[in-house]
Amino acid sequence: MFARIENNVSFPKLEQDVLQFWREQNIYAKSLERRQGAESFVFFEGPPTANGMPHPGHCLTRAIKDLFPRYQTMRGKLCTRKAGWDTHGLPVEVEVCKELGIHSKEEIEAYGVEPFIQLCQRSVWRYMQEWERLTERLGFWIKLDEAYVTYHQSYVESVWWSLKQLFDRGLLYQGHKIVWWWAQGGTALSSGEVGQGYKKVADPSVFVLFPLLDTPNTALLVWTTTPWTLPSNQFAAVNPDLEYATVYDALIDRRLIMAKDLVEVISAKIKRELNIESICRGQDLIGKRYRPPFDYYYKTLGEKTGKLRDGGEQHIAWRIAPADFVTTDSGSGAVHEAPAFGEVDFELLQSEQARFVEGQGPELICGVGPNGKFVPEISDFAGKWIKDADKLIVRQLKDKGLLYYQEQYLHDYPFCWRADNDPLIQYPRKSWFIRTTAFRDKMLENNRLIQWFPEHIRDGRFGNFLESNVDWALSRERYWGTPLPIWVCDSSGKMEAIASYAELLDKPGVAGTEVWEAAKQANPDLVDDLKVHKPYIDHITYDSPFVPGARMRRVSEVIDCWYDSGAMPFAQWGYPQSGSEVFQTQFPADFISEALDQTRGWFYSLVAISTMLFEDKPFPRPFRNCIVLGLMLGEDGQKMSKSKRNYREPNEIFDRYGADALRWYFYAKQPPWTEIRYREQTIKDSIPEFILRLWNVFSFFVNYAISDGFDPAKELRGNLYDLTHAELRSAPSCRPTTERGEIDRWILSELNRLAADVTARMDAYDSYGACQRINDFVDGLSNWYVRRNRERFWSPDKESADKLDAYWTLYECLLTLSKIIAPFVPFISETIWRRLTCDLADRVAESVHLTDFPAADPAEIDSTLSEQMELIREIASLGRAARMEAKLKVRQPLTRVTVALNSKQHLSWLQAHDAILRDELNVKAVKFIADAGEYVTYQVLPNFKVLGPKVGKLLPALKSKLGETKGSDLLIALQQQGHVNVAVDGQTIRLEPEEIQVRMTPKPGWMAAQGHSCVVVLATELTTELIEEGIARDIIRSIQDTRKKLALDYTDRIRVYLASDVEEIQRAVAHWADYIKGETLADTLEWASIESPEKVTCEVGDYTIDLLVEKSLQAQRV
RNA sequence: GGGCGUGUAGCUCAGUUGGUUAGAGCGCGUCGCUGAUAACGACGAGGUCCCAGAUUCGAGUUCUGGCACGCCCA
C-alpha cells in the first residue's frame, strides 16, 4: 500500500532524502553499469577553477551539463562523465600574491619561486569542498573522484607530448609579441589588468613632415601622439581606399600630402589657407619612399633592399605602406609606424615581412629597452625615460623644420593598476607561438561540421574569430603553469622538445634532479606532481646532442593555461603515455556546453589543438554539439557581483526552494543561450507553476488509492522492471486502453505524444521546447483529466471497472511522467517513482534513473481525439467567457448554449459529448449548429497562405470583394457547387473551399464569445425553476464553506438550520431539500429562528440567509 | 573603432519556412470552486512588436540605415 502524502511537503527536505538514497545505493554508478557495452554518448567537462566560490552562473552550466547525459543514459547510451579541474594560470598566482601581500614578479622571486608554487598548488583546492557540495546538491552526476587535474604529472606529460608533436612539425616557434608592458615593474600585464587602469590624460599630438625622396619639395604629413616612438619609425601608413590631397602651403613653400577630408580641419588648426592642387587615392601613394625624421637606423639601413617573394626587389623600410586601420577621424590620414610599440603596427610589419623572401625583409626596430629608457643607438636620448624625451624630440623636430603643428590630445590611456603614475607601453617581448594560422582553413572546415546552439555562433562569433586567426601566443613569463618543454643548447642555441619526465631522465648526462629530491626529503608531504613544475624542472639539464661539452637547459616560460584545458580530450586520460584505448572511444565529444565567454577560450583551444594534432582522424573536430549558454545577470540586470549582493547564493536557493526548482527555472523559463536574468522570485515561481502542481496530482492519486485500497503491487505479475504499459497490463484489473473510456484513452494518447515530442526535442538539444511540452501535459493532466474525473475516484464502488480504469490510467501517467521528467527534475521524479513503486521495490528499478526513457507507442496515439478534446476545451472556455460577459455565474443554471461551428468535422463527436459541456457550463442543453445565421454574421476571407502565391497582386481586391458579398450566401454557393467564381478587376477567380477562411462574428443582442473555430451563444433568460436551482446551489456552497470553517472532516455528517423570510428562498429550499442534504451530508435541514452566536449570514442571489451548521451526533457514532 | 548579440504586455520571456485576432507565465482585476484545500480553476484588462526607410498582394519575421543596451576584441 502506498504511503500517505504528508500535508506540508518540503521539497528541499525530500531532496535531501533522495541524495542520501543515491549516495547509499550508488545509483549513479549503477546507472553506468547498466549501460556497460552500450554505444557511448561522449561528454567533455570543461574544467572549472576551484579557487573561487561557485555562483549561480556555474549552477546553470552544471545543470545543462547534467541534463543531456542523464537523458542519453536513459535512452540507452553509456555516458561516463569525468570531472576535471583547471588549476594553472595567472588568476591562481594573483590569489596567492594577495594573500602574501605582494604584487610584482620581483617580489615573487624574492619570496622564492619554490614556496610560491607550493602555495599555488594548495590554493587551487581552497573551494574544492564547496564545489563538490554544490555539484552533488544540484544533482549533477559526474565522477568527481576520478577528476582530471591539469597540474598532475600525467596531464602535464600529455600536454608535453602534444607540444613536442607541434615542435617537431615546425609549428612551435619563437617570435615577438606586443604586450602591455609595465616598464618600471619589468612585467607584462594581462588584458584584464590593463582594463582596470585607464585614465584620461593629455598627450602631445604632433603633425610631422616626412619628406618624400622622389617627389621634390613634397612631404607626407604624418600624425602621432607618441613622439618618443619616432626614432624607431619604420613605415608610414595610409589607407589605400581613402582620397589624399596634395596641398600647397605658401608659408613654408612646401607641398603636403594628407587625407582630403582632413584638409579643412588642419587648415583650421594652422589658421591659414591650404590650396588643394591634386587628389589621388591612397593606393597611389603606396611604395613611395620618405626620409624619416631621425636617422639612427636609417643611416645604415636606409638603402637596403631585399628580394620579394613574387619577384623583384624593394627597399625594406621607410616607405608608405597600406593599412586599413587608418581613418580620417583624427590626425592627418597618414600614420607613423613604429612596429615595436603597437599591436596593429606590429601586424603591419609582419605583413611587410611576409612579402619578402625569408630573411631579406625588415627586422623589428626597437629603440627602447625593457626599462623604458632609450638604448645607446639613439645617441641623443640614450638612457632617457621615454616620456621625458617627448619634449626633447619635439624640439629637435622643430629645429629640423619637420614639425608642422603641435597640440594637446586628451584621451584614455592605460596606467599600471599597482602604481598609477606609471604609464603602460606596448612593447615587444620574445614569445613562443603556435602556427595556428597554417590551420585556419582546416579549423573553419571543422567548425562547419559542429552543431552550435544557437546556430549563429558558427558563422558569427566563432567563425569570425577563426577567420581572423592569428598565431597562438603560447608562452607566459610566469611561474605556476605547465612548463614549456623545450630545452636549448647553451652553446649553439639549438633546441629540442621533451615529451615526458622519463624521457628527460633518460637523456645522457642528466643532472639537477637532486633539487626536487631534496625538497621532497625536506617535506615528504610535497605533492609528487610538482616535480614537473617550476622551479624543479628548470634545474634539470643534460648533455647537448648538438655541441660536444655543451648543456641543454630549459627555456624559462610556462604556457597559456587555455592550452591545458584545450588538451583535455587526450590529456584527461594521460594519452599517449596511458589511456590510448579509452581515448579512442571517447573522442570526439557528442556534447559540450559552456557560457558565451568561452568562445575564444575553451571552445577555441579545443578546436585548435584537435585540428592540429588529429588531422588524420576521420573526425578531427573535438565536439559535435555545443550549447553556448547566455551570460547570467543579477537581479538588477547588472553583472553579478558579490559586492553588490545582487543575487542569492545557490546554497540558500537550495535550502529555500530546492535544486529541482532551480533546475526547472534554468531549463523551462528561456532557451539556455539567451541572457538570463537570475531572479529569486522566478525560481520560487517554478514551484507552484510546475513542481507543486505535479505533486498535487500525485498526492491526489495516492490519497485516493489508499482509501480505495488500490494496490498495483498485489496485482502485477511476471517480469517487471520499468513498469511500462505492457508490464502494467500484467495486472488482471488493468484493461487494454481500447476498452477504457474516452478520457482515459485521451490522456494516454497525450502521454504517448509527450514521450515522442520530448524525445524528438531532446535529441535536437531543444531542452526549452521539451519543457514546454512537459508543462502543457501536466496542465492537461491536472486541469482537465483529474478535474473531469474526480467523481470516478469518489465513486463508492471500489471494484468497478470504470474506477479501476481511472486508477490504472492515472498510475501509468504518473509513472511514465516521472521517467520523462527524470533528467530535468531528478529529485521529485525519483520521489514520485519510488513512492509509486514502494511495494514493488525488489521487482522494479530501484531508481527512476535506472529505467529506460519512455518510448512512444504509436498505437496509443489518437490525434483526432486530441483535436476533439482541444475543441471541447475551447468551447467550454468560450462559454465561460460569455457567462462572464453576461454576469451570470456558473452556479446559476441556464437552459442552453448554442455552439456555431466553423466546420462540421467534429460535429457528431461533440454532440455525443455534450454532457461535458453541460457540466462545465452548468446548462441544461447544448445545441450545435452549422448554419448560425441567426446568431452570427459570416465574413469570408481569402486563405492568404494559399491564395497569395496564386493571385498575387489581386489579393487585396479579392479580399474587399469577398467582404462585400454576403458571407452566408457565398458559403452556401460553395457548399452546393464545390467551388465559387469571383470576378475581380475583370478577371474571374475560381475559389475552392480550402482557399477561403470563414470568420464568424456574433450579431448584436446575443451573449456570445468568439473563438478561432466557433462562436458560443448563451441563452440568458431565466425561469423560476432555474432561479430556484441557482439558489439551492448558493445555499450548498454556503454550507460547504461553513463546514470548512468548522474544520469538519469530509465524512462528518451535519445538521443544518436556516432562517429567511424570503419566499423565493423558502420555495427553493423546499424544492431542492434532498439535493442540498445529499451534497452537504446533512441529516436534517430545518427552518428555525437562529439565535446562536455560531450563526453565519450568507449571500444568496440578491438576498441573504442565516445558517447554522452543527456536527451531527449520529455521525460521531458511525 | 571592429565583430557578435539583444530590443515584443507592468515584469520575465516565447514567436518555427513572411500569411491578416502577436502568445505564455508572473503581477493586477473580476469571478468561480470548496471531497487535490496553507490548494485549485476560469475569465478579463494590458501591446506605436525600439525608430525610419526598402522589398512584397502581405513584414514582429527579410534587407538597409539609425538609436539604446550587453558581450567579446582592439
Side-chain angles (χ1 to χ4, degrees), chain A residues 5 7-9 191 324-325 327 329 342-344 454 456-457 459-465 467-468 595-597 599-601 630-631 633 637-639 665 668-671 673-677 679 681-682 684-686 688-690 692-693 695-704 707 766 768-769 772 775-776 782-784 786-787 790-791 793-794 876-885 887-891 920 922 941-959 997 999 1009-1012 1036-1045 1049-1051 1079 1081:
Chain A
I5 305 300
N7 268 337
N8 296 322
V9 59
S191 60
D324 52 15
F325 56 80
T327 66
D329 293 344
E343 200 166 340
V344 287
H456 62 74
I457 298 286
D459 297 323
R461 199 175 272 230
F462 195 70
N464 284 337
F465 180 59
E467 292 275 3
S468 55
L596 187 66
D597 54 0
T599 314
R600 286 148 197 252
L631 289 158
L633 304 173
Q638 305 284 305
K639 220 173 183 171
Y665 160 75
K669 293 288 170 170
Q670 64 275 306
W673 44 81
T674 55
E675 209 171 65
I676 295 177
R677 185 92 153 254
R679 295 185 82 207
Q681 185 58 46
T682 320
K684 191 178 171 183
D685 287 344
S686 48
E689 283 170 27
F690 176 67
L692 188 59
R693 178 187 282 175
W695 185 261
N696 282 333
V697 174
F698 164 67
S699 132
F700 174 89
F701 168 82
V702 168
N703 288 337
Y704 282 95
S707 55
D766 176 16
Y768 176 68
Q772 285 184 315
N775 215 20
D776 291 347
S782 166
N783 296 333
W784 195 251
V786 170
R787 191 161 69 80
R790 270 186 283 211
E791 291 189 21
F793 292 92
W794 307 336
S877 168
L878 290 169
R880 281 189 214 97
R883 290 194 79 117
M884 193 82 175
E885 182 80 8
K887 300 208 183 308
L888 287 166
K889 55 193 171 189
V890 182
R891 265 203 307 275
E920 287 287 321
N922 194 17
L941 290 169
N943 181 340
F944 291 97
K945 204 165 185 172
V946 180
L947 282 176
K950 181 173 158 186
V951 306
K953 291 195 179 184
L954 290 176
L955 204 51
L958 177 63
K959 181 185 173 184
Q997 48 195 346
R999 189 176 301 159
Q1010 174 190 355
H1012 280 102
I1036 291 169
R1037 201 211 126 203
S1038 303
I1039 296 172
Q1040 301 286 34
D1041 204 31
T1042 314
R1043 280 186 67 117
K1044 189 185 163 195
K1045 282 186 186 133
D1049 193 85
Y1050 71 81
T1051 51
E1079 287 293 309
L1081 298 186

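Lettering of chains follows the sequences in order, A, B, ..., and the numbering in each one begins at 1.
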Using a heavy-atom cut-off of under 4.0 Å over every strand shown, decide if [X] touches base, sugar-phosphate, or nothing.
{"X": "A:Asp685", "value": "sugar-phosphate"}
{"X": "A:Pro671", "value": "sugar-phosphate"}
{"X": "A:Val786", "value": "base"}
{"X": "A:Val697", "value": "base"}
{"X": "A:Arg1037", "value": "base"}
{"X": "A:Thr674", "value": "sugar-phosphate"}
{"X": "A:Gln772", "value": "sugar-phosphate"}
{"X": "A:Tyr768", "value": "sugar-phosphate"}

So which heavy atom on [X] is nearest to which on [Y], and how close?
{"X": "A:Gly769", "Y": "A:Asp766", "value": "N-OD1, 2.8 Å"}
{"X": "A:Thr674", "Y": "A:Pro671", "value": "OG1-O, 2.8 Å"}
{"X": "A:Pro942", "Y": "A:Leu955", "value": "CB-CD1, 4.1 Å"}

Pairing nucleotide - [N], Watson-Crick or G-U, each distance under 3.5 Å:
{"N": "B:rG46", "answer": "none"}
{"N": "B:rU16", "answer": "none"}
{"N": "B:rA68", "answer": "B:rU6"}
{"N": "B:rA59", "answer": "none"}
{"N": "B:rC40", "answer": "B:rG32"}
{"N": "B:rG1", "answer": "B:rC73"}

Could you work out the separation of [N] and [M] based on their [atom1] atoms and round it to a whole Å?
{"N": "B:rU61", "M": "B:rC50", "atom1": "P", "value": "8 Å"}
{"N": "B:rU21", "M": "B:rG44", "atom1": "C1'", "value": "16 Å"}
{"N": "B:rG19", "M": "B:rG5", "atom1": "C1'", "value": "28 Å"}
{"N": "B:rC69", "M": "B:rU8", "atom1": "C1'", "value": "16 Å"}
{"N": "B:rG23", "M": "B:rG70", "atom1": "C1'", "value": "26 Å"}
{"N": "B:rG10", "M": "B:rG46", "atom1": "P", "value": "11 Å"}
{"N": "B:rA59", "M": "B:rC51", "atom1": "C1'", "value": "16 Å"}
{"N": "B:rU34", "M": "B:rG41", "atom1": "C1'", "value": "11 Å"}

What's the closest nucleotide to the [X] side chain, out of [options]?
{"X": "A:Leu941", "options": "B:rC57, B:rG25, B:rU20", "value": "B:rU20"}
{"X": "A:His456", "options": "B:rA36, B:rC4, B:rG25", "value": "B:rC4"}
{"X": "A:Leu955", "options": "B:rA36, B:rG19, B:rG35", "value": "B:rG19"}
{"X": "A:Arg790", "options": "B:rA14, B:rC71, B:rA36", "value": "B:rA36"}

Expressed as a whole number of angstroms, how long is the span from [X]:[atom1] to [N]:[atom2]?
{"X": "A:Leu596", "N": "B:rC69", "atom1": "CG", "atom2": "P", "answer": "19 Å"}
{"X": "A:Glu689", "N": "B:rA24", "atom1": "CD", "atom2": "C1'", "answer": "10 Å"}
{"X": "A:Glu920", "N": "B:rG41", "atom1": "CD", "atom2": "C1'", "answer": "10 Å"}
{"X": "A:Lys684", "N": "B:rG27", "atom1": "NZ", "atom2": "C1'", "answer": "13 Å"}
{"X": "A:Leu958", "N": "B:rG19", "atom1": "CG", "atom2": "C1'", "answer": "14 Å"}
{"X": "A:Asn943", "N": "B:rC57", "atom1": "CG", "atom2": "P", "answer": "18 Å"}
{"X": "A:Phe690", "N": "B:rC40", "atom1": "CZ", "atom2": "P", "answer": "14 Å"}
{"X": "A:Gln670", "N": "B:rG5", "atom1": "CD", "atom2": "C1'", "answer": "16 Å"}

Item to check | Side chains of A:Ile5 and A:Trp695 in contact at under 4.5 Å (non-hydrogen atoms) | outcome: yes
With respect to the phosphate group of [N], does any side-chain polar atom (N or O) of [X] fall under 4.0 Å of OP1 or OP2?
{"X": "A:Thr1042", "N": "B:rU34", "value": "no"}
{"X": "A:Arg600", "N": "B:rC4", "value": "no"}
{"X": "A:Asn783", "N": "B:rG41", "value": "yes"}
{"X": "A:Gln1040", "N": "B:rG35", "value": "yes"}

Item to check | Rounded distance [0.5 Å steps], NZ in A:Lys950 versus CZ in A:Phe944 | outcome: 14.5 Å
Checklist outcome for this item: The reported gap from CZ in A:Arg880 to CD in A:Glu920 (rounded to nearest 0.5 angstrom) is 5.0 Å
Checklist entry - Taking the side chain from A:Arg461 and the backbone from A:Ile457, do they hold a donor-acceptor pair closer than 3.5 Å? => result no
Checklist entry - Mind checking whether A:Tyr704 and A:Phe793 have parallel, tilted or perpendicular rings, split at 30° and 60°? => result tilted
Checklist outcome for this item: Comparing A:Gly460 with A:Thr682, nearest RNA chain B nucleotide closer to 5' gives the residue A:Gly460
Checklist entry - Starting at the 5' end of RNA chain B, which residue's closest nucleotide do you reach first, A:Asn464 or A:Leu692? => result A:Asn464
Close N/O contacts between protein and nucleotides 58-62 of chain B (under 3.5 Å):
none

Checklist entry - Checking side chain to side chain contact (heavy atoms under 4.5 Å, CB included) for the pair A:Glu689/A:Asn775: CA distance, chi angles, key distance, verdict? => result CA-CA 9 Å; A:Glu689 283 170 27; A:Asn775 215 20; 5.8 Å; no
Next on the checklist: Test side chain to side chain contact (heavy atoms under 4.5 Å, CB included) on A:Leu954 and A:Leu947; report intermediate values, then the result.
Outcome noted: CA-CA 10 Å; A:Leu954 290 176; A:Leu947 282 176; over 6 Å; no
Checklist entry - Any side-chain donor paired with an acceptor under 3.5 Å for A:Gln681 and A:Asp685? => result yes
Next on the checklist: What I want to check is whether an N or O donor and acceptor connect the side chain of A:Arg787 with the base of B:rA36 at under 3.5 Å.
Outcome noted: no
Item to check | Side-chain-base donor-acceptor pair under 3.5 Å for A:Arg461 and B:rC71 | outcome: yes
